[in-house]
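What you see is a predicted model, and the numbers here were worked out from it, not measured in a lab. Letters A, B, ... are given to chains in the order of the sequence lines, protein chains preceding strands, and every chain is numbered from 1.
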There are 2 protein chains.
Amino acid sequence: MTVLIENQTTYSPSNYRTPDGAPSDIVIFTIETKEKAAGKKALPDRELQVMLIQRKRWPFAGAWALPGGFCGEDESMYDCAKRELQEETGVDRIHMEYFGVYSTPGRDPRGWMISHAFFALVNEKLLAGRSASDDAADVRLFPYHEALNMELAFDHREILSDAFHRVQQKMLTTTIAKEFLPEEFTISELYQVIQTVVPEFQERNFIRKITSTQSRKGIIEEVLDHKGEKKLSNRYSQRAAQLYRFTEHMPPLLSIYT
Amino acid sequence: MTVLIENQTTYSPSNYRTPDGAPSDIVIFTIETKEKAAGKKALPDRELQVMLIQRKRWPFAGAWALPGGFCGEDESMYDCAKRELQEETGVDRIHMEYFGVYSTPGRDPRGWMISHAFFALVNEKLLAGRSASDDAADVRLFPYHEALNMELAFDHREILSDAFHRVQQKMLTTTIAKEFLPEEFTISELYQVIQTVVPEFQERNFIRKITSTQSRKGIIEEVLDHKGEKKLSNRYSQRAAQLYRFTEHMPPLLSIYT
DNA sequence: TAAATAGTGTCTATGAGACATTATCTC
DNA sequence: GAGATAATGTCTCATAGACACTATTTA
């Protein structure tokens with residue numbers, strides 16, 4: 001075997017053209033709950049929304065875009081996105097996942113930018129404080145479908161669409177629905193949240209599937225009060241409904257063959 | 001709103017530290033079929049293997065590593081990986097998917113390298129010609145579990161492990177098993193391929209699940225010969241077995257709630 | 001005829017899917 | 001008691017899971 005003499009001293013990365021930056025873009029989803037008239041016992045309306053910022057500078061000045069920012073040398077892409085997410089929402093500990101790289105040549109007029117896309121799911125409650133201060137300015141929540149029809153900066157429309165489909169898929173195959181729910185919730189709330197993200201989802205016997213089916217039992221459990229009695233809620237209904245919470249159990253493994 | 005005066009002229013990416021490169025790393029899987037003694041009618045042994053290259057230069061000179069290479073300014077990461085895959089295998093039109101970014105600071109001694117990981121599934125038949133020429137040199141197939149226990153360059157062990165788990169999951173939820181099979185195959189072959197990637201997979205009534213179950217019917221179909229008769233194969237058995245092929249049908253949508 | 005693989009019969013318990021029905025509470 | 005949501009009863013058919021059994025061919 002040939003032993004080459006190249007080593008740390010002779011290696012020079014500057015012989016090659018290198019990227020001009022590695023940004024992250026974050027698709028931040030939330031579900032806005034619009035209660036019916038105060039005191040009225042009825043299920044609320046829910047709407048999937050996404051956070052956009054209005055760009056101040058070239059390129060695409062004035063256009064709406066996904067929040068994000070450039071990665072530093074001393075952080076991973078994940079850390080970078082987490083940092084940007086924190087800056088944008090003012091909240092820590094948000095569920096965030098990586099889902100793709102966007103590197104089509106020419107996608108960014110500033111140069112060779114390889115962008116890394118994340119999605120985040122935030123409970124609207126966590127956004128409560130923030131909205132008041134920033135809402136009027138250059139950060140806003142848009143209904144997903146409205147955002148999708150806007151002229152977004154860069155290739156952010158494609159990223160937004162990809163994120164949505166990934167979240168739809170994960171909503172049905174994992175327990176991420178919990179990110180949009182309070183700690184304790186009713187079956188109707190869970191069902192509504194799933195339908196907000198996946199309108200096609202329909203399951204007439206939902207309550208039995210999730211509570212009495214052998215293979216699914218254990219992903220949620222009934223909440224008991226301090227006396228060991230079943231804890232109920234009548235927030236959305238005359239007849240009080242059982243409260244549930246997600247357990248730590250992994251959802252069942254899915255397979256098309258079994 | 002403040003209107004900033006920044007524009008194309010004043011924007012300067014060189015004010016920021018930029019990455020030193022955007023490589024791709026490709027985990028190329030294949031399944032080696034080891035026929036039993038010639039003429040013996042018995043199911044073959046199958047083994048999942050992964051392609052590694054031996055590095056010639058600093059860093060990690062002499063160590064085995066995943067194939068890959070640096071992305072150019074005029075190509076997307078996907079194009080880059082496709083190109084490298086083609087160079088390494090000599091084959092085009094290979095199933096390849098992106099699955100993650102590796103950007104931990106310090107992962108590459110050459111500098112700030114943000115690596116993009118793909119996995120590829122190659123039918124061993126396509127590799128047939130290639131092996132003869134390169135096999136002795138610096139490109140080799142290793143059994144997956146052996147590779148996982150080697151001292152691989154960079155963070156390639158982690159990448160390899162992540163790729164494997166992704167492929168396992170996809171093997172059960174999509175029809176990628178077809179990448180490891182000939183156009184026409186028997187149920188036993190399909191079952192064996194799945195088990196080669198996911199040893200835990202076990203399904204005693206496999207044949208009925210996949211052929212007679214309402215929701216799965218249609219993902220494979222019986223092969224007929226020119227006379228419209230069912231086409232059989234006795235390659236691995238005394239009694240001839242029905243041949244099947246994958247259809248264009250999408251596998252059923254999976255959900256933990258339904 | 002033993003061995004090896006392919007494929008079917010059959011039984012039980014569970015689940016899917018569809019609706020009707022009952023329960024509980026408020027206005 | 002009308003109206004809204006929660007939850008159960010009930011029926012049919014499909015599927016899961018287990019295992020014994022039959023089928024086909026060759027050494």
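- Within 4.0 Å of A/Arg216, counting heavy atoms only, lie sugar-phosphate atoms of the nucleic acid but no base atom.
- Distances shorter than 4.0 Å separate none of the side-chain N or O atoms of B/Ser237 from OP1 or OP2 on D/dT24.
- For the pair A/Arg239 and A/Ser212, nearest-nucleotide mapping onto DNA chain C gives the more 5' position to A/Ser212.
- Distance, B/Leu243 CG to C/dT5 P: 17 Å, rounded to whole Å.
- Listed by chain and residue number, A/Glu32, A/Glu47 satisfy the side-chain hydrogen bond (donor to acceptor under 3.5 Å, both in side chains) test with A/Gln49 (two or more places apart in sequence, or in another chain).
- A residue-by-residue look at A/Arg204 and A/Gln238 shows that A/Arg204 has its nearest nucleotide of DNA chain C further toward the 5' end.
- The aromatic rings of A/Phe99 and A/Phe119 sit tilted, their planes meeting at an angle between 30° and 60°.
- Residue B/Phe185 is tested with B/Phe246, B/Phe180, B/Tyr236 for a ring-ring contact (aromatic ring centres under 6.0 Å, His included); the sole match is B/Phe246.
- Minimum atom distance to the side chain of A/Asn205 is reached by C/dC19, of the listed C/dG15, C/dC19, C/dG7.
- Atom OH of A/Tyr236 and atom P of D/dG3 are 24 Å apart (whole Å).
- Protein atom CD of B/Gln202 is 12 Å distant from nucleotide atom P of D/dC19, rounded to whole Å.
- Rounded to whole Å, atom P of D/dG3 lies 21 Å from atom CG of A/Asn234.
- Between C/dT14 and A/Ser215, no contact under 4.0 Å exists linking OP1 or OP2 to a side-chain N or O.
- Checked against C/dG17, C/dT5, D/dA6, the side chain of B/Leu43 finds its nearest nucleotide in C/dT5.
- When the P atom of C/dA6 is taken as reference, atom CZ of B/Phe185 falls 14 Å away, rounded to whole Å.
- Between the CD atom of A/Gln214 and the C1' atom of C/dA13 there is a distance of 10 Å, given to the nearest Å.
- The residue B/Ile187 sits apart from the nucleic acid: no heavy atom pair falls under 4.0 Å.
- If you check distances only, the side chain of B/Arg208 never reaches the base of D/dG17 with a donor-acceptor pair under 3.5 Å.
- B/Ser215 pairs by the side-chain contact (heavy atoms from CB on, under 4.5 Å) definition with B/Thr213, not counting sequence neighbours.
- Computed from coordinates, the A/Gln242 CD to D/dT5 P distance equals 19 Å when rounded to whole Å.
- Rounding to whole angstrom units, CD1 of residue B/Ile207 and P of C/dG7 are separated by 5 Å.
- B/Leu190 has its side chain out of reach of B/Tyr244: every pair of non-hydrogen atoms, C-beta onward, lies at least 4.5 Å apart.
- Taking the side chain of A/Ser188 as heavy atoms from C-beta on, and the options C/dA16, D/dA6, D/dT15, the nearest nucleotide is D/dA6.
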